[in-house]
Colleague: 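My structure is below; once you've seen it, I'll send some questions.
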2 protein chains.
Amino acid sequence: MTTMIQRKIRNPEQTRSDLLDAAYSEILESGFQAASLERILANTSVSKGALYHHFGTKRDLGLAVIEEVIGPQLEGRWFNMLAQHSDPISGLLKLIEEKIASADESVIRYGCPLNNLIQEMSPLDESFRQSLQKIIESWVEVVAEALKEGQASGKVRADTAPQDIALFIVASIEGCVGLGKNAQSVAAYQRCLEQLKVYIQSLAA
Amino acid sequence: MTTMIQRKIRNPEQTRSDLLDAAYSEILESGFQAASLERILANTSVSKGALYHHFGTKRDLGLAVIEEVIGPQLEGRWFNMLAQHSDPISGLLKLIEEKIASADESVIRYGCPLNNLIQEMSPLDESFRQSLQKIIESWVEVVAEALKEGQASGKVRADTAPQDIALFIVASIEGCVGLGKNAQSVAAYQRCLEQLKVYIQSLAA
DNA sequence: GAAGATACCGACTAAGCGGTATCTTGTCAA
DNA sequence: TTGACAAGATACCGCTTAGTCGGTATCTTC
């Protein structure tokens, strides 16, 4: 009944991964709710049937993007950087400096994928919120742990609360990205991060 | 041809204001793109015809919400508070403390209306971006001016850049709200703001 | 090589969307 | 009192949306 022009060779994992990538881009550009499955499909060569074979609903696709694309992206980088510095202050400064150096149009245009989804989805869908929260928590935890070790080795002021400071640092970063994004200004983003550096330096013992 | 059950008395300004209020709530809950005109109308007793009499498009309605509801809400408060303190540090601390004290479920649930719209709309619609940017700029400006005056009167450290610091403070606040919102935790929000207080205190001469 | 499972295809559906057209009614100035 | 216009009402339109379904092609297993 219908003409069948299918892919000759099959590669389910590739198909799934293509969908995740395309969905990630679409969500980054439009947000989750305004993300269009038709557009995602148009940017891959995947059919609607294949999509719904791999993901039960649009929601499932979105959650998979968070857990399998956004999460790993963020955690790996921070974990590694802080692991290879014995002094957490240097490690944090290095990470911020890296952000300042690599700041470009696309960061300023789309902002932080994590923050975007938090602002849009966390009040609307509890599963999204929890998924995003897991990432935030492990991010904060990595920073807090580094600060604690720094306190133990006498490199970070002892009269501070690592957990709270870590939370504030993460919050500030998201804030800087958000403001830079709205100003459409790489310079504003960088100036904002420079102030965060000042704050971080003030944590040194 | 059509049955006409209309409002007996007319009050165009009230109608317009009702629409703005209902649109504000709907946008706060669902974001702009997912905000439904039908739902907005259902929450007022206004007809679609009346809506489109007052606002040309959904976009126009959104822009009016930003300029006539969100903007004034924010600016008034910060301007007044900083005006009545000769010491900007005290003024800022007072504002943060007020935020900490008045933190409740609804702040944590919906977050900052301004930040929500920035993350969602600024990459998608240049008019939205500019409208939001005007608010951010005047917010940053109020803080920066207060800091400058503080420097002049010797209450704020002279070796700092008021404009950059103001930017960072605003960014941090948005970040704190955003993280508190995702954690669904008033306590986390408050802890985050407490750290901002520490930073602000460090600006004193 | 047959059978069963997995992967994939694309036309279709129902609902919701923003927006429009055409109408009536309230208001107020002349 | 009446004419003009602002304000409001409602039915309707075209379009997009997420999701479904019957069917087919490929792969794996025995």
Side-chain angles (χ1 to χ4, degrees), chain A residues 1-27 29-65 120-121 124-125 127-128, chain B residues 1-27 29-65 120-121 124-125 127-128:
Chain A
M1 80 147 35
T2 58
T3 58
M4 288 288 148
I5 306 161
Q6 294 184 192
R7 287 178 160 181
K8 297 282 179 269
I9 48 155
R10 284 191 173 169
N11 195 340
E13 277 128 33
Q14 184 65 47
T15 300
R16 205 188 122 95
S17 146
D18 285 353
L19 284 170
L20 284 175
D21 288 349
Y24 171 78
S25 298
E26 171 73 9
I27 290 172
E29 282 179 36
S30 308
F32 175 75
Q33 296 180 96
S36 158
L37 295 183
E38 314 279 351
R39 272 199 302 267
I40 291 172
L41 294 174
N43 283 337
T44 58
S45 45
V46 176
S47 68
K48 192 161 249 189
L51 191 159
Y52 275 93
H53 175 74
H54 287 282
F55 302 96
T57 61
K58 182 188 179 184
R59 187 163 167 271
D60 290 344
L61 176 60
L63 289 170
V65 166
E120 178 187 6
M121 295 304 296
L124 296 181
D125 188 305
S127 295
F128 270 73
Chain B
M1 81 145 40
T2 59
T3 58
M4 289 286 148
I5 307 162
Q6 295 183 192
R7 287 177 159 181
K8 297 284 178 266
I9 50 154
R10 283 190 175 172
N11 193 341
E13 277 126 32
Q14 184 65 47
T15 300
R16 205 188 123 94
S17 146
D18 285 353
L19 284 170
L20 285 175
D21 287 349
Y24 171 78
S25 298
E26 171 73 7
I27 290 173
E29 282 179 35
S30 308
F32 175 75
Q33 295 180 95
S36 158
L37 295 183
E38 314 280 349
R39 270 199 304 265
I40 291 172
L41 294 173
N43 284 338
T44 58
S45 46
V46 177
S47 69
K48 194 164 246 188
L51 191 161
Y52 275 94
H53 177 74
H54 287 280
F55 302 96
T57 61
K58 182 190 180 184
R59 187 164 166 273
D60 290 344
L61 175 60
L63 290 170
V65 166
E120 178 187 4
M121 294 304 297
L124 296 181
D125 189 306
S127 295
F128 271 74

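Note that this is a predicted model, so its numbers are computed, not measured. Chain identifiers are assigned alphabetically (A, B, ...) following the order of the sequence lines, protein sequences preceding nucleic acid strands; residue numbering begins at 1 within each chain.
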Colleague: Please report, rounded to the nearest Å, how far the P atom of dA7(D) is from the CD atom of Q14(B).
Modeller: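 It is 14 Å, rounded to the nearest whole Å.
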
Colleague: Between S47(B) and dA9(D), is there a side-chain N or O to OP1/OP2 distance below 4.0 Å?
Modeller: yes

Colleague: Whole angstroms only, please: what is the CZ-P distance between F55(A) and dC8(C)?
Modeller: 11 Å

Colleague: Starting at CD of E13(B) and ending at P of dT27(C), how long is that distance when rounded to a whole Å?
Modeller: 13 Å

Colleague: Indicate whether any N or O donor in one side chain lies under 3.5 Å from an N or O acceptor in the other, for Q33(B) and E120(B).
Modeller: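 Distance-only check passes for Q33(B) and E120(B).
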
Colleague: If you compare every side-chain N and O of H54(A) against the phosphate oxygens of dT6(C) (OP1, OP2), does one of them come in below 4.0 Å?
Modeller: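 No, H54(A) has no side-chain N/O under 4.0 Å of OP1/OP2 on dT6(C).
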
Colleague: Is a donor-acceptor contact shorter than 3.5 angstrom present between the side chain of R10(A) and the base of dT26(D)?
Modeller: yes

Colleague: How long is the span from the CD1 atom in I27(A) to the CG atom in L61(A), to the nearest 0.5 Å?
Modeller: 6.0 Å

Colleague: How long is the span from the CG atom in L19(B) to the CG atom in N43(B), to the nearest 0.5 Å?
Modeller: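 With rounding to 0.5 Å, CG (L19(B)) is 11.0 Å from CG (N43(B)).
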
Colleague: Taking 4.0 Å as the cut-off, does a side-chain nitrogen or oxygen of H53(A) come that near to OP1 or OP2 on dA7(C)?
Modeller: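 It does, given that an N or O in the side chain of H53(A) lies less than 4.0 Å from OP1 or OP2 of dA7(C).
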
Colleague: For each nucleotide in nucleotides 13-20 of chain D, reading 5' to 3', give B when a protein heavy atom comes within less than 4.0 Å of its base, S when such contact involves only the sugar-phosphate, and - otherwise.
Modeller: ----SBBB

Colleague: Could you state the CG-P distance from L51(B) to dC17(C), rounded to the nearest angstrom?
Modeller: 13 Å

Colleague: Kindly calculate the angle separating the two end axes of the helix from dG1(C)-dC30(D) to dA30(C)-dT1(D), each obtained from five base pairs, and round it to 10 degrees.
Modeller: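 Computed from the C1' atoms at both ends, the axes differ by 10°.
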
Colleague: Which residues pass the side-chain hydrogen bond (donor to acceptor under 3.5 Å, both in side chains) test with S127(A), not counting sequence neighbours?
Modeller: R59(A)

Colleague: Quick one: side chains of residues 47-54 of chain A, donor-acceptor pairs under 3.5 Å with protein atoms, not counting sequence neighbours, listed by atom name and distance.
Modeller:
| unit_1 | atom_1 | unit_2 | atom_2 | d |
| --- | --- | --- | --- | --- |
| S47(A) | OG | A50(A) | N | 3.2 |
| K48(A) | NZ | E38(A) | OE2 | 2.8 |

Colleague: Under the side-chain hydrogen bond (donor to acceptor under 3.5 Å, both in side chains) rule, collect the residues that match up with R39(B), sequence neighbours excluded.
Modeller: E26(B)

Colleague: By ring-ring contact (aromatic ring centres under 6.0 Å, His included), which residues pair with F128(A), not counting sequence neighbours?
Modeller: F32(A)

Colleague: Rounded to the nearest 0.5 Å, how far apart are CD1 of I40(A) and CG of D21(A)?
Modeller: 11.0 Å

Colleague: I'd like to know if the side chain of T44(B) and the backbone of L41(B) have a donor-acceptor N/O pair within less than 3.5 Å.
Modeller: yes

